[in-house]
Structures are given as structure tokens and as C-alpha cells.
Amino acid sequence: MASRQIDIDQRIWQVVMLIPPGKVSTYGDVARMAGLPGAARRVGRALRGLPGDTLIPWHRVVNAQGRIVVPGGDDARSEQRARLEGEGIHFGRGPALSLRKYRWRPG
DNA sequence: ACCGTGACTCTGC
DNA sequence: TGCAGAGCCACGG
């Protein structure tokens with residue numbers, strides 16, 4: 001029997017997979033698209049459970065300010081940033097990318 | 001059941 | 001621009 005929480009994780013991952021290369025989404029938006037408005041923290045938890053070799057583009061999810069908030073220190077952060085830059089996303093001077101330009105929205 | 005903690009977000013100063 | 005407060009969902013001691 002599959003736990004409800006697992007089903008929710010699956011739904012969240014499915015939404016994340018829809019984010020195209022070169023675009024990003026926020027924890028809050030992913031939560032809403034997964035049918036869980038207000039559960040941004042739940043999204044972070046779902047991504048935390050992903051294996052290191054996953055094909056799910058977890059790096060395309062940033063916070064509402066366009067900043068990288070992954071745990072694991074500068075290592076993990078620099079890796080995520082490198083992946084995003086590799087897809088053509090430009091961070092510029094600050095630690096945040098421009099959601100205005102790169103934010104993805106369905107429809 | 002209570003409380004602390006966390007890949008969050010919004011509001012207000 | 002930055003920081004504190006409060007609200008948020010979920011987990012573990």
C-alpha cells in the first residue's frame with residue numbers, strides 16, 4: 001500500500017519534470033501546480049528525497065526571490081548554479097536570477 | 001500531544 | 001535592501 005505522502009511526492013516530481021531547460025519555477029508555484037497551494041515547504045521536502053543521480057531537473061526550482069536555497073553548503077549551491085548557467089540562465093551580479101525573465105508558467 | 005527544525009512565502013518596518 | 005514575525009506542511013524526538 002502506497003502512502004499518501006509518496007503519491008504527493010510523485011505529483012510534485014511530475015510537475016518539476018515539466019519545467020523546460022533554461023526556465024525555472026519556485027517552490028510555491030510547484031506546490032500550487034501540484035494541487036497543494038501553500039505547501040512550498042512540502043515541495044522542498046519532496047526534492048530532498050531525490051537520489052543523487054535522478055533525471056528530475058530539481059535544479060530548476062528556486063525560492064520566491066530567485067535565489068538558490070539548497071542545503072549542503074556552497075558545494076551544492078555552486079553545482080545548482082552551474083547547471084542553470086549551463087542552460088543559458090544568467091545570474092548577473094547578485095545571488096539571485098531574474099524570475100522576470102526565467103520564470104516558467106504553464107499555459 | 002508538544003516542540004524543534006527545515007530545499008518556503010508573505011507582510012511590514 | 002535587509003531582517004523579524006507569522007503562517008505554512010511534514011517529520012522526528
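Remember, predicted model here, so these are calculated numbers, not experimental data. Naming convention: chains lettered A, B, ... in sequence-line order (proteins, then strands); numbering from 1 in each chain. Basis for what follows: all heavy atoms, side chains included, without hydrogens, waters or symmetry-related copies.
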- [ ] Could you give the distance separating dG12(B) and dC8(C) at their P atoms, to the nearest angstrom?
- [x] 16 Å
Task: Among dC11(C), dA10(C), dC8(B), the one nearest Arg45(A) by side-chain distance - done: dC11(C)
- [ ] Could you tell me the separation between the CZ atom of Arg105(A) and the CG atom of Asp29(A), rounded to the nearest 0.5 Å?
- [x] 7.5 Å
- [ ] Measure from CG on Leu36(A) to P on dC8(B) and round the result to the nearest Å.
- [x] 16 Å
Task: First of Ala39(A) and Arg67(A) reached from the 5' end of DNA chain C, by closest nucleotide - done: Arg67(A)
Open item on the list: A quick test of your reading: do over 12 heavy atoms of other residues, nucleotides or ligands sit less than 6.0 Å from CD of Glu85(A)?
Closed with: yes
- [ ] Could you give me the CA-CA distance, side-chain angles and deciding distance for Arg60(A) and Glu87(A), then say whether salt bridge (Lys or Arg N to Asp or Glu O under 4.0 Å) is met?
- [x] CA-CA 10 Å; Arg60(A) 294 181 195 140; Glu87(A) 296 184 350; 2.8 Å; yes
Open item on the list: Whether Arg81(A) engages the ring of Phe91(A) as a cation-pi pair (distance to the six-membered ring centre under 6.0 angstrom, angle to the ring normal within 45°) should be assessed.
Closed with: yes
Task: Protein-nucleotide distance (Arg11(A), atom CZ; dC9(C), atom C1'), rounded to Å - done: 14 Å
TODO: Could you tell me the separation between the CD1 atom of Ile12(A) and the C1' atom of dC9(C), rounded to a whole number of Å?
DONE: 10 Å
Task: Euclidean distance, atom CG of residue Leu47(A) to atom P of dA10(C) [Å, nearest integer] - done: 15 Å
Open item on the list: Starting the side chain at C-beta, find the nucleotide from dA10(C), dT9(B), dG6(B) nearest to Ile8(A).
Closed with: dA10(C)
- [ ] May I ask you to list the residues of residues 85-92 of chain A, by number, that have any heavy atom positioned under 4.0 Å from an atom of DNA chain C?
- [x] none
TODO: Please report, rounded to the nearest Å, how far the C1' atom of dC9(C) is from the CG atom of Asp7(A).
DONE: 17 Å
TODO: Check every strand shown and say whether Val70(A) touches a base, only sugar-phosphate, or nothing at a heavy-atom separation below 4.0 Å.
DONE: base
- [ ] First locate atom CZ of Arg83(A), then atom CD1 of Ile89(A), and finally report the distance between them rounded to the nearest 0.5 Å.
- [x] 12.5 Å
- [ ] Rounded off to whole Å, could you give me the CZ-to-C1' distance for the Arg93(A) and dT1(C) pair?
- [x] 16 Å
Task: Selected nucleotide, minimal atom distance to Arg42(A) side chain, candidates dA10(C), dT9(B), dA7(B) - done: dA10(C)
TODO: Check the distance between dG7(C)'s C1' and Tyr27(A)'s OH and give it to me in whole angstrom.
DONE: 19 Å
Task: Atom-pair distance (CZ on Arg48(A); P on dC8(B)), nearest Å - done: 12 Å
Task: Electrostatic pair Asp9(A):Arg45(A) at N-O distance under 4.0 angstrom - done: no
Open item on the list: By nearest atom, which of the nucleotides dA10(C), dG7(C), dA7(B) is closest to the Arg41(A) side chain?
Closed with: dG7(C)
Open item on the list: Would you say CZ of Arg32(A) has more than 12 non-hydrogen atoms from neighbouring residues, nucleotides or ligands within 6.0 angstrom?
Closed with: no
